[in-house]
Amino acid sequence: MNKLTIREALQRASSFMEPLEDTRFLAELFLRHVLGLTRTELFTRIHDEVTPTQWEKIEELLSQRKKGIPAQYLLGEQEFYGLPFRVNPSVLIPRPETEILVEEVLKRLNTEAPLKGADIGTGSGAIAVTLAAHSKWQIYAVDIAQESLDTAQENSRLNGVAEQLTFLKGDLLSPIPEKLDFLVSNPPYIPSQDILGLDVQVRVHEPMRALDGGTDGLDFYRRICAGLPQVLKPGGLVAFEIGIGQAAEVQELLLQSGAVQSTEAIRDLAGIERIIIGS
Ligand SMILES: C[S@@+](CC[C@H](N)C(=O)[O-])C[C@H]1O[C@@H](n2cnc3c(N)ncnc32)[C@H](O)[C@@H]1O
C-alpha cells in the first residue's frame with residue numbers, strides 16, 4: 001500500500017462509509033481511536049503518516065460499522081453524563097434520555113446524606129455509577145445477567161465509585177436485602193410487537209433482554225411496583241425511565257402500589273414524557 005497521511009486516511013475512510021450517515025464523524029472517531037489521538041491532535045498532525053497496520057485496523061472498524069454494529073460497541077466506550085463508560089454487546093448503550101433520570105434524582109435528594117438506593121436493571125451501570133459519582137450514597141446495582149454486572153463493576157472502578165456500589169445478580173427486586181431511600185430503574189419497555197420495527201442496529205446488536213417489555217411494554221413496571229412496599233422506606237423516592245405513551249399507566253401503577261403518594265412526569269428534549277418520579 002502507498003504511504004498514507006492522516007488527511008488522506010480521513011478522506012478514504014469517509015468515502016468508504018458512504019452512504020452511511022455521519023461518514024466524516026465516524027471516520028474521525030475511528031482514526032482517533034486507532035491512532036490514540038485527541039481531536040485537536042488529529043488535526044494538528046494531519047500530515048503525519050498512518051502505518052499500513054493502523055490503516056488495516058481502521059478498515060476493519062469501518063467494515064464492521066458498515067454491517068450495522070454500533071460504533072460504541074466497536075470502540076468499547078460511550079460517554080454518559082460526562083463520565084466514561086465501557087460498553088460491549090452484553091449491555092445496552094446508555095442513552096442521552098437516561099441522563100434526565102439521573103439529573104432529576106440528583107436534584108430531588110440530598111447528595112451529602114448517606115442514603116441507600118437501588119438501580120434495577122443496571123446494564124452498563126450508567127445510572128448507578130453516575131449517581132454514586134455525584135453523591136455519598138450506597139447503591140445496589142441489580143441485573144439478571146452476570147455479564148452486565150461485570151461491565152457495571154468495571155465501570156464503577158473506572159469512575160472511582162466501586163466502594164459505593166454493591167452488585168447483585170437476580171430478578172428485579174428479589175435480591176434487595178433491606179429497605180431503601182430510593183429506587184431507580186430504566187427497565188426493558190418496548191412492547192414485544194414493536195421490537196421488529198426497531199432499527200436493525202438496536203434490534204440485532206443490542207441485548208434483547210434489555211428491550212422487550214412484554215405485550216404492552218409494561219411488564220417490568222407492574223412487577224417492580226408490586227414489590228415496592230417491601231423495599232421502599234416511607235417517604236422514599238422512585239424514578240423510572242419510560243417509553244412513549246406509557247406515562248399515565250406507569251403513574252397509575254405507582255400510585256396503586258401504595259408506596260408513593262404523588263407522581264410527576266418529566267419530558268425529554270423532544271417533548272416526550274420520559275421520566276416518572278414517585279414520592
Ligand atoms: C433498558 S436496559 C437499562 C440498562 C441501564 N440501566 C441503562 O439505563 O442504560 C434494562 C436492563 O435490565 C436488565 N434486566 C432484564 N430483565 C431483568 C430482570 N428480570 N431482573 C433484573 N434485571 C433485568 C437487562 O439485563 C438490562 O441490563
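Positions are given from 1, in the same order as the sequence printed here. Whatever order the structure lists them in is the order used to number ligands and atoms, beginning at 1.
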Task: CA sep, side-chain torsions, deciding dist, call: Thr263, Gln251, side-chain hydrogen bond (donor to acceptor under 3.5 Å, both in side chains) - done: CA-CA 6 Å; Thr263 62; Gln251 284 176 287; 3.0 Å; yes
Open item on the list: With a 4.0 Å cut-off on heavy atoms, is Phe80 in contact with ligand 1?
Closed with: no
TODO: May I ask you to list the atoms of ligand 1 that are less than 4.0 angstrom from any heavy atom of Thr98?
DONE: 8 (O)
Task: Nearest neighbour in protein (non-hydrogen) for atom 15 (C) of ligand 1 - done: Arg209 O, 3.2 Å
TODO: Could you tell me whether Arg95 and Glu206 have a side-chain N and a carboxylate O separated by less than 4.0 Å?
DONE: yes
TODO: List the closest protein heavy-atom neighbour of atom 16 (N) of ligand 1: residue, atom name, distance to the nearest 0.1 Å.
DONE: Phe220 CE2, 3.4 Å
Task: Under 3.5 Å: N/O of Asp119 near N/O of ligand 1 - done: no
Task: Atom indices of ligand 1, in the order listed, that fall short of 4.0 Å to a heavy atom of Asn186 - done: 1 (C), 2 (S), 3 (C), 7 (C), 8 (O), 10 (C)
- [ ] Could you tell me which residues satisfy salt bridge (Lys or Arg N to Asp or Glu O under 4.0 Å) with Lys179, sequence neighbours excluded, listed by chain and number?
- [x] none
Task: Lys116, Lys136, Lys233 screened by salt bridge (Lys or Arg N to Asp or Glu O under 4.0 Å) with Asp181, the one that passes - done: Lys233
- [ ] Ignoring hydrogens, just give me the one of Ile144, Leu211, Asp171 whose non-hydrogen atom is nearest atom 19 (N) of ligand 1.
- [x] Asp171
Task: For atom 1 (C) of ligand 1, the protein heavy atom that lies nearest, with its residue and separation - done: Ala210 O, 3.0 Å
Open item on the list: Taking side-chain contact (heavy atoms from CB on, under 4.5 Å) as the criterion, tell me which of Ile144, Leu173, Asn186, Asp171 meets it with Ile120.
Closed with: Leu173
- [ ] Name the closest protein heavy atom to atom 20 (N) of ligand 1, giving the residue it belongs to and the distance to 0.1 Å.
- [x] Leu172 N, 2.9 Å
Open item on the list: For ligand 1, which is the ligand I care about here, please tell me if Ser124 has any N or O atom under 3.5 Å from one of the ligand's N or O atoms.
Closed with: no
Open item on the list: Testing Leu61, Leu42, Leu26 one by one against Leu31 for a side-chain contact (heavy atoms from CB on, under 4.5 Å), which residue passes?
Closed with: Leu42
TODO: Can you pull out the closest protein heavy atom to atom 27 (O) of ligand 1? Residue, atom name and distance to 0.1 Å, please.
DONE: Asp143 OD2, 2.7 Å
Open item on the list: Is it true that Ser185 and Asp119 share a donor-acceptor pair across their side chains at a distance under 3.5 Å?
Closed with: no
Task: Test item, Ile127 contacting ligand 1 (heavy atom, 4.0 angstrom) - done: yes
Task: Cluster overlap Leu218 with Leu198, hydrophobic side-chain contacts below 4.5 Å - done: yes
TODO: Provide, to 0.1 Å, the distance between atom 5 (C) of ligand 1 and the closest protein heavy atom, together with that atom's residue and name.
DONE: Thr122 O, 3.3 Å
Task: Mutual orientation of the aromatic rings belonging to Trp137 and Phe182 [parallel < 30°, tilted 30-60°, perpendicular > 60°] - done: tilted
Task: SB check Arg32 Glu28 (cutoff 4.0 Å) - done: no
TODO: Check if Gly170 has a non-hydrogen atom at a distance under 4.0 Å from any atom of ligand 1.
DONE: yes
TODO: Among all protein heavy atoms, pick the one closest to atom 4 (C) of ligand 1 and tell me residue, atom and distance.
DONE: Gly121 O, 3.4 Å
